Amino acid sequence: MKRIIKYILQQVLNIQEKYYATKCKKHLADIKYTTTNSTSKTHVQAGVKLLLNSKTEENKKKLNKEVKEIVTKNLKEPETLLKYIEENGTKVFRIPYADKILAIVGEQEGFITPIRGLNAVILNIILEQKFSLKTDAMFVLRDMPLNIYTLTHQFHKWYGYRMGLPGFDDKAQEKFKKIWEYEIDENIKNLSYEDIVSLKEAIHRDVEAIDFVTKLAKENEGAKKVFENIKNKNDDTNI
């Protein structure tokens, strides 16, 4: 259901982006607008958008290839993925009631990109016993048996974050995490052009991770049972 909603929102954002381009075409005649990240650039002038993302596409292929190699070797040992994550500089916290604690700060179990403000203070105090207005990227999970496929979804996003793919910057993730709070008629129409572009990238990264897990699961025995567990939120596994 969430995937369907994300797809619908993606279409709304596409329409909204075209609306912005049409509405602002006259005003953009003498204005240059550019948003850039480490692997792609969106440039707007005179209402015409030019998306330069060959490096992003190249990195996405590399991402899928490398994640598949790593995960395939550890399908029966998901704990190894957590060790890999820690060895590459991202802390992993496994604590009782992690889901309930994260709900307080508006987060979900799995990979959490850096956050700022009061929620960051709360997480830092609980997890690291320190006061700071910003968290580092981290994994937070309940101390329960791991589901390799749901973990892979989060691992895929973490890997993309480390590669610098667009959509993982603080601003984009902040909007993406509030995606269920948006009311189409009100909030979305107030998003800026830059907001729409960054939010679309964040949605792309999440859907790409879902697609990756879907294909991986179909290639492996027991995939149907795994997805039934995900669908039914099996209480015997986390994330």
Side-chain angles (χ1 to χ4, degrees), residues 1-4 6-7 56-103 107-114 123 126-128 135-165 167-168 173 176-177 202-239:
M1 178 61 71
K2 284 188 176 182
R3 187 180 180 187
I4 294 174
K6 286 176 185 175
Y7 174 79
T56 295
E57 294 303 315
E58 179 184 328
N59 281 348
K60 283 164 56 177
K61 292 178 182 178
K62 180 180 179 182
L63 164 67
N64 286 338
K65 180 177 182 294
E66 294 182 1
V67 170
K68 185 175 182 179
E69 289 177 355
I70 296 169
V71 173
T72 300
K73 293 177 183 177
N74 300 285
L75 282 175
K76 297 183 179 180
E77 298 179 355
E79 297 284 348
T80 307
L81 291 184
L82 295 184
K83 292 180 182 178
Y84 181 94
I85 290 165
E86 290 185 301
E87 289 171 356
N88 282 274
T90 300
K91 291 184 178 180
V92 176
F93 298 95
R94 302 186 71 179
I95 58 176
Y97 309 111
D99 55 331
K100 293 178 174 59
I101 293 172
L102 291 174
E107 299 289 341
Q108 296 182 339
E109 285 185 87
F111 175 53
I112 301 175
T113 55
L123 273 190
I126 293 175
L127 301 176
E128 308 224 51
T135 65
D136 296 322
M138 63 177 72
F139 269 77
V140 184
L141 310 167
R142 282 173 289 173
D143 192 11
M144 297 174 63
L146 296 167
N147 180 305
I148 184 61
Y149 292 99
T150 47
L151 178 58
T152 296
H153 173 250
Q154 299 297 309
F155 184 83
H156 188 280
K157 293 204 294 185
W158 169 77
Y159 211 96
Y161 168 81
R162 293 183 65 247
M163 291 180 67
L165 287 177
F168 287 112
Q173 284 297 305
F176 178 69
K177 290 171 184 178
I203 294 172
H204 283 318
R205 300 295 84 79
D206 192 60
V207 172
E208 286 161 5
I210 292 171
D211 288 343
F212 175 85
V213 174
T214 301
K215 293 175 183 178
L216 181 69
K218 286 180 178 178
E219 294 174 2
N220 292 278
E221 187 177 354
K224 183 176 180 180
K225 181 179 179 180
V226 167
F227 275 91
E228 281 300 315
N229 285 342
I230 295 175
K231 180 180 177 181
N232 297 326
K233 295 293 290 184
N234 189 329
D235 291 334
D236 294 329
T237 59
N238 62 8
I239 67 171

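Because the structure is a prediction, the values reported are computed rather than measured.
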Under a plain distance cut-off of 3.5 Å, with no hydrogens placed, do T113 and K177 share a side-chain donor-acceptor pair?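 Checked: K177/T113 side chains pair up, N/O donor to acceptor below 3.5 Å.
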Run F93 and F139 through ring pair (Phe, Tyr, Trp, His ring centres under 6.0 Å) and show every step you take. CA-CA 6 Å; F93 298 95; F139 269 77; over 10 Å; no
Regarding E69 and K65, does a basic nitrogen lie under 4.0 Å from an acidic carboxylate oxygen?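 Counted as a salt bridge, because a side-chain N and a carboxylate O are separated by less than 4.0 Å.
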So, K61 and E66, do they make that salt bridge, N to O below 4.0 Å?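 No salt bridge links K61 with E66.
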Does [X] reach the side chain of [Y], with side-chain heavy atoms less than 4.5 Å apart?
X    : Y    : value
M163 : F168 : no
H156 : N64  : yes
M138 : V140 : yes
L146 : L141 : yes
L127 : T135 : no

Which donor-acceptor pairs under 3.5 Å do the side chains of residues 82-92 make with protein atoms, sequence neighbours left out?
{"residue": "N88", "atom": "ND2", "partner": "Y84", "partner atom": "O", "Å": "2.8"}
{"residue": "T90", "atom": "OG1", "partner": "W158", "partner atom": "NE1", "Å": "2.8"}
{"residue": "K91", "atom": "NZ", "partner": "E128", "partner atom": "OE1", "Å": "2.5"}

Could you measure the distance from the [atom1] atom of [X] to the [atom2] atom of [Y]? Nearest 0.5 Å is fine.
X    : Y    : atom1 : atom2 : value
R205 : L63  : CZ    : CG    : 9.0 Å
E109 : L102 : CD    : CG    : 6.5 Å
E107 : D99  : CD    : CG    : 13.5 Å
I148 : L216 : CD1   : CG    : 8.0 Å

L151 and side chain to side chain contact (heavy atoms under 4.5 Å, CB included): which partner among V213, V71, L81?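 The passing option is L81.
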